[in-house]
There are 2 protein chains.
Amino acid sequence: MNEGVEWALHSCLNLAWIGEERAVTAARLAGYHELPPAYLNKQLQSLVRAGILSSVPGCQGGFRLARSLDRITLMDVVTAIEGPDEAFRCTEIRGQGPGATTGRPTAECAIADAMGRADLAWRRELAAQTLADVRARAERQAPGAPDRIRRWFADL
Amino acid sequence: MNEGVEWALHSCLNLAWIGEERAVTAARLAGYHELPPAYLNKQLQSLVRAGILSSVPGCQGGFRLARSLDRITLMDVVTAIEGPDEAFRCTEIRGQGPGATTGRPTAECAIADAMGRADLAWRRELAAQTLADVRARAERQAPGAPDRIRRWFADL
DNA sequence: ACATCCTGGATATTAATCATCCAGGTTACG
DNA sequence: CGTAACCTGGATGATTAATATCCAGGATGT
Ligand code: SF4
Ligand code: SF4
């Protein structure tokens with residue numbers, strides 16, 4: 001799994017803690033965790049395309065949340081960064097070699113089915129958790145974090 | 001996800017269909033789906049280390065199932081090939097940069113928690129399905145396959 | 001006008017995967 | 001025995017994907 005998912009999740013939470021007042025620069029978000037700014041920018045763009053963040057170009061521009069955390073699921077973020085493909089990619093080896101079946105009913109494959117079922121369980125669990133849930137739990141575990149973050153992003 | 005998982009699953013099913021009479025060579029298993037023989041051999045070795053297959057060296061040697069299909073879950077095969085790591089790997093970006101927390105309670109991280117929960121759902125679903133289940137469904141979908149496979153592996 | 005900052009594509013760098021090869025040990029068979 | 005078949009495990013190389021940077025273009029505040 002792409003590590004951009006981790007960056008994206010942290011950035012979304014940080015944006016929520018900072019507040020809605022003004023957009024935050026990609027460089028600033030990157031700086032907080034010492035991430036490569038240009039690369040994080042790319043991930044943020046993916047979030048924009050997915051409608052999770054909105055971006056404002058130009059001076060004093062940056063990124064902000066496009067909707068509240070309770071309307072963003074983990075699934076949304078993962079899909080935005082990783083794409084829609086599932087983990088198990090079938091290369092159709094059944095269709096090559098002496099064992100090739102004449103018709104090629106990919107849809108009726110017990111193996112791909114079974115793996116797809118597991119993938120579905122994974123996605124269901126991701127979709128069941130919103131970033132608001134995650135934030136609530138994070139604040140319970142580290143009550144001081146929100147203030148510290150707000151302060152760091154506040155002074156220039 | 002490593003494509004070796006797909007190879008391994010197909011090979012296990014093929015071995016079951018061939019029967020217990022004699023061990024089957026890696027080259028033969030590879031030939032059936034036109035897979036690179038030396039590389040498939042490596043994946044089969046992983047299955048042996050995991051106790052899913054047993055290997056017999058020497059002339060007339062090869063691989064065979066170490067236990068019946070109803071005692072092999074998808075989780076077993078995936079773990080054997082992919083290793084024990086979960087998909088979401090945390091790179092601890094929280095611990096670097098200005099946002100670093102003094103103590104580093106990795107265990108108490110809301111984000112890793114949430115991702116881990118989804119991973120658990122995935123593993124649970126994989127562990128709930130045995131290869132016997134998959135085989136049964138495969139035979140219902142393609143009743144002719146077992147015979148065809150047995151025949152191909154039979155003539156030298 | 002000017003500095004700032006997102007956008008998107010091109011490009012370079014690095015790591016993981018995929019694949020092959022070889023020396024060593026083991027077994028069947030004549 | 002001796003030879004051919006075949007697994008084992010490590011080393012090695014090729015291919016592809018992930019990671020990271022760069023730059024020209026457009027938008028926006030001051
Ligand atoms: S049998 Fe299933 S897993 Fe195997 S190649 Fe066909 S679709 Fe893919
Ligand atoms: S906060 Fe959680 S996801 Fe983020 S770096 Fe720490 S352990 Fe990893």
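Convention: sequence-line order gives letters A, B, ...; per-chain numbering from 1.
You'll find the side chain of Met115(B) reaches within 4.5 Å of the side chain of Val78(A), heavy atoms only. Contact of the Ile81(B) side chain with the Leu47(B) side chain is registered, since non-hydrogen atoms from C-beta on lie closer than 4.5 Å.
Residues Asn14(A) and Ser11(A) have side chains that never bring a donor and an acceptor to within less than 3.5 angstrom of each other.
Using a 4.0 Å heavy-atom distance criterion, Arg89(A) is classed as a sugar-phosphate-only contact. Contacts of Ala27(A) with the nucleic acid, taken as non-hydrogen atoms under 4.0 Å apart, are absent. Contacts of Asn41(B) with the nucleic acid, taken as non-hydrogen atoms under 4.0 Å apart, include base atoms. Contact annotation for Gly4(A): no contact, since no heavy-atom pair falls under 4.0 Å across all strands. Residue-level contact check: Ala23(B) touches neither bases nor backbone, having no heavy atom under 4.0 Å from any strand.
When rounded to the nearest whole Å, the span between CD of Glu34(A) and P of dA20(D) equals 13 Å. Between Ile93(B) atom CD1 and dA20(D) atom P there is a gap of 12 Å when expressed in whole angstrom units. The OH-P distance, from Tyr39(A) to dG8(C), rounds to 17 Å in whole Å. In this structure, CG of Leu15(A) is placed 11 Å from P of dC6(C), rounded to the nearest angstrom. Spacing between atom CE of Met1(B) and atom C1' of dA16(C) amounts to 16 Å, rounded to whole angstrom units. Distance, Asp85(A) CG to dA17(D) C1': 13 Å, rounded to whole Å. Whole-Å rounding puts the Lys42(A) NZ to dC5(C) C1' distance at 14 Å. Here dC7(D) presents its P atom at 12 Å from CZ of Arg64(B), a figure rounded to the nearest Å.
Minimum atom distance to the side chain of Asn2(B) is reached by dC18(C), of the listed dC18(C), dA3(C), dT27(C). Among the nucleotides dG9(C), dA19(C), dA27(D), the one closest to any side-chain atom of Pro57(A) is dA27(D). Comparing dC7(D), dG8(C), dC22(D) by their closest approach to the side chain of Ser55(B) singles out dC7(D). Among the nucleotides dT7(C), dA19(C), dA20(D), the one closest to the side chain of Gln45(A) is dT7(C). Listed nucleotides: dT19(D), dC18(C), dA28(C). Nearest to the side chain of Glu3(A): dT19(D). Comparing dT7(C), dT26(C), dT20(C) by their nearest atom to the side chain of Pro36(B) picks out dT20(C).
Taking the nucleotide of DNA chain D with the nearest heavy atom to each of Leu44(B) and Gln60(A), the more 5' of the two is matched to Leu44(B). Projected onto DNA chain C by closest heavy-atom contact, Val56(A) and Ala38(B) fall at different nucleotides, the more 5' of which corresponds to Val56(A).
Distances shorter than 4.0 Å separate some side-chain N or O of Thr25(B) from OP1 or OP2 on dC7(D). Contact annotation: Arg49(B) side-chain N/O to dG9(D) OP1/OP2 distance is under 4.0 Å.
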Worksheet item: Between Glu3(A) and Ile93(B), is a side-chain contact (heavy atoms from CB on, under 4.5 Å) present by the stated rule, with each step listed?
Response: CA-CA 10 Å; Glu3(A) 71 182 308; Ile93(B) 66 176; 5.9 Å; no
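In terms of hydrophobic clustering, with Ile, Leu, Val, Met, Phe, Trp and Tyr side chains grouped at heavy-atom distances under 4.5 Å, Trp17(B) and Leu69(B) are assigned to a common cluster.
Annotation: the span from Asn2(A) atom CG to Gln43(A) atom CD amounts to 5.5 Å, rounded to 0.5 Å.
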